[in-house]
A.B. asks: 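Below are the structure tokens for one structure; questions will follow.
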Amino acid sequence: MAGRHSAPRAKTAAATSPLVKYGAIGLAAALVVGVGAYLVVDRMGGGCDSVTEYVVAADPSISPVLTEVTTAASAEDLGCRSYRIEAASGMEPLGAPGQQAGPDLWIPDSSQWVAKASSGTGTLFDVAAQSIASTPVVIAAREGDMPFFATWLTALQLPGLRIGDPLTSTVSGAPIVGALSEAAAGTIAADAVPGALVPLAQAQAANMHQTDPSARLAAVASDGGIGIATEQQVAGQNAGDSAVRLEATTPNSGAVFLDYPVVATATGAEHDDAREAGVALAEAMGAEAGRTALAQRGFRGPDKAPLDAGRGVGDVAVLTVSDPAETAQVLKRYAVLALPSRALVVEDVSGSMAEQAGPETRIALTVQASETGARLFPDNAQLGLWAFSIGLGGNGKDYKELAPIRRLDETVDGTSHRQRLTDAVRTLPTLVKGGTGLYDTTLAAFRKVKEGYDPAAINSVILLTDGANEDPSTISLDELLATLKREQDPAHPVIIVTIGITEDADAAVLQKISAATGGTSHVARTPAEIPGVFVDAMRSRAAG
């Protein structure tokens, strides 16, 4: 029987446990915590002729307490069963696609993993117990340093938030789920969450070292700041040797809970036995010894009742999302945003940009929007700046380089590239004159970005204009579109994001230019929309 045996027969090398097998494909090294496995010795109860062992792949946060409870129990109390607990995160216990062997039972930290696995594989998983423990995801800080958070959105917008990687951790993803729940309830604006993810994802690209929750909490304790963790993890941190105590809070709206379901993953004839073993394990964790062990380690029960002795955040509303597909889509966009950026910003300085747009000129508003957009990018982003109008570059060129594409934290002659870029943006009003040389500029910018392609980044052109092409000597629109499609390399894509400034922009043409490269097009129809549209363009720069 794969993954289990009856006493006193021991595992042999030929009967390697499933988790060791999937560890061999490179997953256990990253995901198995501590020694990685806890061997439960078969306990022969007086009423058991034999004892069947079940392999349980459990999230590292709960595997120690599972080992403690099942080791202390007799085989007879467990229905002539024993459990060998293997610590592994997320969906890795399910192994690689097509892999047959696996654990008998799987206990991820959240039912979100079960839904994700079902969606990804088309498999309907058999949940033997909906929950054996729970803990809310909280905001952690040193005692006395905790600010007030009305919503999870405000937490996501906090500069320097120690959150980890929402793509690989349900703890790190919980603030996003919480904010989506707030949006669904009307607590925050429906479109507020995607905008908040831009700086968060870009900061994530530069701070991948914050993925481990224990390391995050240790950093909060030693250096201050705000971190995302679970109530159980904060309780564990405070129970350790650190002289600095942490406090936890949740926004007024509530919290997302981890729920630790028990899933029967054995297949074939062994499945029903594994399911019964899962039910028995859940009953053991729900008995007095199990409840006590969970509480001592900072876990709540399945009922989500608050911890005792004043620990934790007390009563808190449970936040969920009604549409898991929406969450998956938001996280997909996050994955794109978290990639480093390499972009050439191309700004229209034709004469029409001097026209008034409310109390400001179009070019003044564009400068403001450009500065706002530039602040979205972390230091590891690579940005450059061109200006364009007919003949601006001399020798028949309609474009002029104001700043080359460099990392924002690169220093030249004592000045950071970020500052040089800001200074260059502020010179744009002095260049305003002439007509709009759109098509030649667009193609030249596309080729410039392609020329220095960075495979580790999103490579893009971000083009802002208030008009249509006015250069009589330029290539035609059809020639431009055909050339962009012909020169686009699917293995090294360069996308063009266009931003039309006011109704005078040729929205249809800009849409065609962006679509030819898989980019997106945006129009700021009123002056007040310009900064927001620029932010939207940054957010969706890799949407196809």
Side-chain angles (χ1 to χ4, degrees), residues 19 28 30-40 54-73 78 82-94 103-114 117 125 127-138 164 168-174 212-214 217 229-240 255-265 277-305 307 311-312:
L19 285 180
L31 298 169
V32 176
V33 175
V35 296
Y38 300 86
L39 179 62
V40 179
Y54 293 84
V55 176
V56 183
D59 189 81
S61 61
I62 203 170
S63 59
V65 68
L66 287 170
T67 299
E68 176 186 333
V69 172
T70 55
T71 301
L78 295 173
S82 67
Y83 298 90
R84 181 150 58 92
I85 312 300
E86 306 273 2
S89 299
M91 297 191 300
E92 299 307 339
L94 304 182
D104 299 300
L105 298 169
W106 171 38
I107 305 179
D109 64 6
S110 172
S111 55
Q112 291 179 41
W113 285 117
V114 183
F125 287 91
V127 179
Q130 295 294 329
S131 175
I132 58 171
S134 68
T135 185
V137 175
V138 301
T168 60
S169 166
T170 48
V171 177
S172 300
D212 179 69
S214 298
L217 289 181
T230 66
E231 180 184 66
Q232 185 269 334
Q233 289 164 343
V234 174
Q237 174 74 18
N238 285 336
V256 174
F257 276 73
L258 305 186
D259 52 4
Y260 297 93
V262 180
V263 184
T265 48
V279 172
L281 178 58
E283 290 174 349
M285 299 307 295
E288 182 177 359
R291 294 196 308 271
T292 299
L294 287 168
Q296 287 176 341
R297 291 181 180 266
F299 285 101
R300 301 186 183 205
D303 61 357
K304 301 178 177 63
L307 299 176
R311 296 180 298 162

A.B. asks: Taking the side chain from Asp259 and the backbone from Ser134, do they hold a donor-acceptor pair closer than 3.5 Å?
C.D. replies: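 No, Asp259 side chain to Ser134 backbone: no donor-acceptor pair under 3.5 Å.
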A.B. asks: Hey, does Ile132 have a side-chain heavy atom less than 4.5 Å from the side chain of Leu281?
C.D. replies: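 Side chain of Leu281 against side chain of Ile132, heavy atoms only: no contact under 4.5 Å found.
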A.B. asks: Where do Ala293 and Glu68 come nearest, in terms of heavy atoms and distance?
C.D. replies: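 For Ala293 versus Glu68, the nearest heavy atoms are CB-OE2, 3.7 Å.
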A.B. asks: Nearest heavy-atom pair of Ala229 and Leu217: which atoms, and what distance?
C.D. replies: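 So the two residues come closest at CB-CD2, 3.7 Å.
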A.B. asks: OG of Ser110 to OH of Tyr260: how many Å apart, nearest 0.5 Å?
C.D. replies: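 Answer for the OG-OH pair, Ser110 versus Tyr260, is 9.0 Å.
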A.B. asks: From Ser111 OG over to Phe257 CZ, what is the distance, rounded to the nearest 0.5 angstrom?
C.D. replies: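 Atom-to-atom, Ser111:OG and Phe257:CZ are 13.0 Å apart.
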A.B. asks: Can any side-chain N or O of Ser131 pair as donor or acceptor with the backbone N or O of Pro261 at less than 3.5 Å?
C.D. replies: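 Between the backbone of Pro261 and the side chain of Ser131 there is no qualifying donor-acceptor contact (under 3.5 Å).
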A.B. asks: Between the side chains of Thr170 and Asp109, is a donor N or O closer than 3.5 angstrom to an acceptor N or O?
C.D. replies: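 On atom types as modelled, these side chains qualify, holding a pair under 3.5 Å.
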A.B. asks: Among Thr71, Val65, Thr70, whose side-chain contact (heavy atoms from CB on, under 4.5 Å) with Ile85 holds?
C.D. replies: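 Single side-chain contact (heavy atoms from CB on, under 4.5 Å) partner of Ile85 among Thr71, Val65, Thr70: Thr70.
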A.B. asks: Is Arg311 reaching over with its side chain to a backbone N or O of Ala295, donor-acceptor style, under 3.5 angstrom?
C.D. replies: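 Such a contact is found between Arg311 side chain and Ala295 backbone.
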A.B. asks: Kindly give the heavy-atom pair with the smallest separation between Ala87 and Pro60, and that separation in Å.
C.D. replies: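 Closest heavy-atom pair between Ala87 and Pro60: CB-CA, 4.2 Å.
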A.B. asks: Output the distance between atom CD (Glu86) and atom CH2 (Trp106), rounded to the nearest 0.5 Å.
C.D. replies: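 Here the interatomic distance stands at 16.0 Å.
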A.B. asks: Side-chain contact test, heavy atoms from C-beta onward, threshold under 4.5 Å: evaluate it for Leu294 versus Ile62 and give yes or no.
C.D. replies: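 They are in contact (side-chain heavy atoms under 4.5 Å apart), so the answer is yes.
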A.B. asks: Can you name the nearest heavy-atom pair linking Pro103 to Thr265, along with the distance?
C.D. replies: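 Looks like O-OG1, 2.6 Å.
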A.B. asks: Could you tell me which non-hydrogen atom of Ala128 sits nearest to which non-hydrogen atom of Val279, and how far apart they are?
C.D. replies: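 Closest approach of Ala128 to Val279: O-CG2, 3.7 Å.
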A.B. asks: With side chain to side chain contact (heavy atoms under 4.5 Å, CB included) as the test, would you mind laying out the steps for Thr135 and Arg300 before giving the verdict?
C.D. replies: CA-CA 6 Å; Thr135 185; Arg300 301 186 183 205; 5.6 Å; no
A.B. asks: Using the ring of each side chain (for Trp, its six-membered ring), is Tyr54 parallel, tilted or perpendicular to Tyr83, with breaks at 30° and 60°?
C.D. replies: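 Geometry flag for Tyr83 against Tyr54: tilted rings.
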A.B. asks: Would you call Asp59 and Leu258 a side-chain contact if the rule is heavy atoms closer than 4.5 Å?
C.D. replies: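 They are not in side-chain contact.
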A.B. asks: Do any N or O atoms from the side chain of Gln232 and from the backbone of Arg297 form a donor-acceptor pair under 3.5 angstrom?
C.D. replies: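 Present.
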A.B. asks: Would you check if the side chain of Gln233 reaches a backbone N or O of Thr230 as a donor-acceptor pair within less than 3.5 Å?
C.D. replies: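 Answer holds: yes.
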A.B. asks: Can you name the nearest heavy-atom pair linking Val256 to Gln112, along with the distance?
C.D. replies: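 Closest approach of Val256 to Gln112: CG1-NE2, 4.0 Å.
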